[in-house]
Structures are given as structure tokens and as C-alpha cells.
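All remarks here apply to the structure that follows.
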Amino acid sequence: MADSIPKIKIMKGAEADLSAATFQIHDESHTIGNALRWMLMKNPKVEFCGYSAPHPSENVIQVRIQMYDNLSSLSALITALSDLETLCGTIEDSYMTSFNNDDYEKWIEES
Amino acid sequence: MTTQDAINPRRLVGIQAERVTNVSSTDYPGHYPDEDHSWNLGRFKETLKVQIQRLSQRSIEFDLVGVDASIANAFRRIMIAEVPTVCIEHVYMWDNTSVVVDEVLSHRIGLVPLNVDPALVSMKESPTEQATDRNTIVFGIKIICERNPHAPKGSVNPSELYINHELRSSHIEWRPAGEQEDVFVAKPPAPTNPNIVLAKLRPGQGVEMELHAVKGVGKDHAKFSPVATASYRLLPNITITKPIPPEYADKFQNCFSPGVIRVDPKTKAVSVDKHNLRKDTVSREVLRHPEFSDHVQLSRVRDHFIFNVESEGPYPPERLLLEAIKVMREKLVTIRKAAEALLDQDSGDVDIQMADV
């Protein structure tokens, strides 16, 4: 694929300082959309965050972010993404601890 | 009895006879005055609890406690639709004289789960990409049904009368190409279940074809989904607010799933069995009886997810959440890198290109 579709676009109508912007993320769905929205809403500097999957035939989601104090929504997006990465790592570690140490019921299932 | 250590009411989704209450989570900054609900990894680690409950060779039940529904749902969705597996995608039919038409037989063959470890196969970038020994595994079927010359006289049993009267998944045999013989030496590619009947045959009928298996994900076609089911439910919670009169104890117990309510055989005192609480179906039967409806409060714990995952394919059940987490992290990294590239563009002199949409 020579000219591949960009993963993220900033949609028309964003503030010049990006304190309010809508990001269009290609090839993502509610899976990432809702998790990302939740992590952005955990940020006290975010005034508003919402996402939508505009149409089932378009393989995109749109994430709207509005910031307090004219902060950059793009930086908030990057922070939220890396926070979600650490969250995933934490859950993985916790799951492995339970898998290796816990005394859970093991049984044979007929197939 | 209200002696059990009560759950923070903010964590509860109320369940009443005709409605549910407090459905949404409220742990966001600014929701409660003077409370800090911003993201805090240390606090998250304290409240997070992952606990495996039951594990078999085919399924797993585990609890994920202390996360938001959006996170639990992301893992559920990824397990169903985005954890890759290898399935038969192209069927080259040389001969099919069975009663099952070509396209139906091809479809049935595509749905057969294979035991191939997806990590050993690379994904095709596009459907038109050249097939190589890295991205395609070749199987073949060659079978002809014949009369059994040694069939017992008077038998009406097809398995005695005929040879190969059923085309089964065990007839799908691997044809190694290139380096594959070395790569798959530990576990030769084959269907996970050898006994799937794909077509029934009679003497003279036969099937001959070549099958190409590729790596894909469930959002493209359900055959690529590595799970039979991946679902979660919220932990039920029952609070008895007023003592249940002893004469009603057994009736009260019967309003719930077996094991959920304990009745003391002597005193007829009623209590909730915390360990078996998860077995309750929250049928709300208890709320239909006027003598109980103001003695009990039903709810579910909003951040306590009981996952049930059945594996169907190459992954052992305990691997599935780990694979989902891996896929999730890869997605996050891709988006973060793209966002960082945008940020670099922004800090340079170049104006950010806004999409025309």
C-alpha cells in the first residue's frame, strides 16, 4: 500500500491551539473508543470527551475532546493512551499472579 | 442479618421489580465535590483484583474487579473479534460428487477449527498478496466412498456397508510446504476435533480438493474467532434489610438459586452465603412476594465482572485474556505513535492538516 490511510486525522473546525478538537481514528471501533473516552474523562483537565462510530460502513471512530485552560487536547490524548497501556500491563500482571499462585478449581470438561 | 461487610453503595447497580437504578459509574473528576477521581495508577493497583475461579481444558471463569465497564468490554470484544487464529480460507475443488454442493461444503470446511499456533503464521497484508510458506498452510482432502466387500450379510449399518461413507474433519490432511515441516514439528497442523462430519457419501461419490488456511480475525469472519463464547456478568448482591420471619424462611430461600440463601436448620435464621452469591441469577422472584419485597434489596456490583470464556481453537482458555491484552496494547501503541507524529508536526512550522470530512 503506497499511500496508506493516516491512523489519526484532526477534523475540520478544531481550535487553532487544539484546546478543542475532534480526532478521527481509522480502523478502530467501540473497543478503543469507549476505553479511550473513559480514560480521557478521568483527566481533570478535560472539560468534555465523547466518541461516536458515525456509520457502520465507515471504518472510523471520532473522538471529541475539549480542554480547560486552553491546554492541548492532543497531549491529553497521548497521555490517555499511555495510561491505558500501563492499565493493560497492570491487569496482565495481576492475572498472571492469580494464575500462578491462586488455588482455583481445576476440572475436566467433556467435549 | 446485615452483619456482612457492606459494599460501598456507590459501587451498586440497584435492581428493583420493574427497573434498574444507578446504572452509570460516577468515578469521574468533578462528579463529587472535593473528591479526587482522576487517574491514579497506585490507587488503581490497590482496587484492582483479578482472580481465576475455575479452569478446565476448554473454558475459564475469572473475576475482574475494580475496572470500568469500558475496559472489561474492550477485552471481551477483542477476545471475540480481534484475537487472530488460522482458518481455511481458500478451497480449490478438483472433484466433488457428494450431495453437498461446492459452496456449502467449502463453507463447512472453513468453519473447522484448526490447532495451528497463530504466532507461527504471519497475516496477509491484503487478500491478493502472494501465498508463501509463511502466510499460508496447505491442506488436502482426497476421499472416495466404496462398498465394503466384507460387509456382514443383511447389514443396514452404513459404517459396515461402505468404506469412507462420511467425510470427516480427520480427512483434512496437512501438506507441508517450504520450511513448514521444521516450524510445525512440535504440533503438526490439523483440526482440533477429528470427528466433525462435513459430508455424507455413498459408493462412487468422492471429494478431492486443496485447502489454503490463512491467519485472520473474527471481525472479518466469525470462523476466525478463537472463542465459542466470551461474556461477562456483574456480581449479584443481596442485602436483607429486615429479618425474615422463621415461618417464611424456606419460601424465601426458594426465591433464589440453590445455595445462595442459608437457613439455619434449628433457628430458621436466614442469611446470605457470600461464597455462593455469584450463583444467583437475579431472577427478582423474591420481589414478587409482598411479604418479602420490603425485606430485601437486590443489586449488582458495577465494577465486579465475572468473565466466562470458552476456547474453541488453538489457544488454551487461560491464554485468551493475555492475547486480548496483547492486541489491546498493540492498538494503543499504534494510535499513540500516530498521535505523537501529529504532535511533532504541530510543534514544527507545518500547519496541521485537517481532514476535509
Any donor-acceptor pair under 3.5 Å linking the side chain of Gln57(B) with the backbone of Glu109(A)?
yes
Using the salt bridge (charged side-chain N to carboxylate O under 4.0 Å, His left out) rule, take Asp27(B) and Lys42(A) through it: C-alpha gap first, then chi angles, then the decisive distance, then the call.
CA-CA 8 Å; Asp27(B) 53 347; Lys42(A) 281 295 228 180; 3.8 Å; yes
What part of Leu332(B) lies closer than 4.5 angstrom to a heavy atom of chain A: side chain, backbone, both or neither?
both
Indicate yes or no for a side-chain donor-acceptor contact from Ser56(B) to the backbone of Ile108(A) under 3.5 Å, with no hydrogens or angles considered.
no
Should the heavy atoms of other residues, nucleotides or ligands under 6.0 Å from NZ of Lys337(B) be counted, would the total exceed 12?
no
By the definition side chain to side chain contact (heavy atoms under 4.5 Å, CB included), identify the one residue from Ile52(B), Ile325(B), Leu48(B) that meets it with Tyr95(A).
Ile52(B)
Decide, yes or no, whether a salt bridge links Glu110(A) with Arg58(B) under the criterion of side-chain N to carboxylate O below 4.0 Å.
no
Evaluate side-chain contact (heavy atoms from CB on, under 4.5 Å) for Asp83(A) paired with Leu41(B), printing each intermediate quantity in order.
CA-CA 8 Å; Asp83(A) 284 345; Leu41(B) 184 62; over 6 Å; no
Salt bridge or not for Lys219(B) and Asp27(A), using N-O below 4.0 Å?
yes
If you count heavy-atom pairs under 4.5 Å between each of Leu322(B), Ile60(B), Val333(B) and chain A, which one has the most?
Leu322(B)
Does Tyr28(B) reach the main-chain N or O of Pro44(A) with its side chain, forming a donor-acceptor pair under 3.5 Å?
no
Do NZ/NE/NH1/NH2 and the carboxylate oxygens of Arg54(B) and Glu105(A) come within less than 4.0 Å?
yes
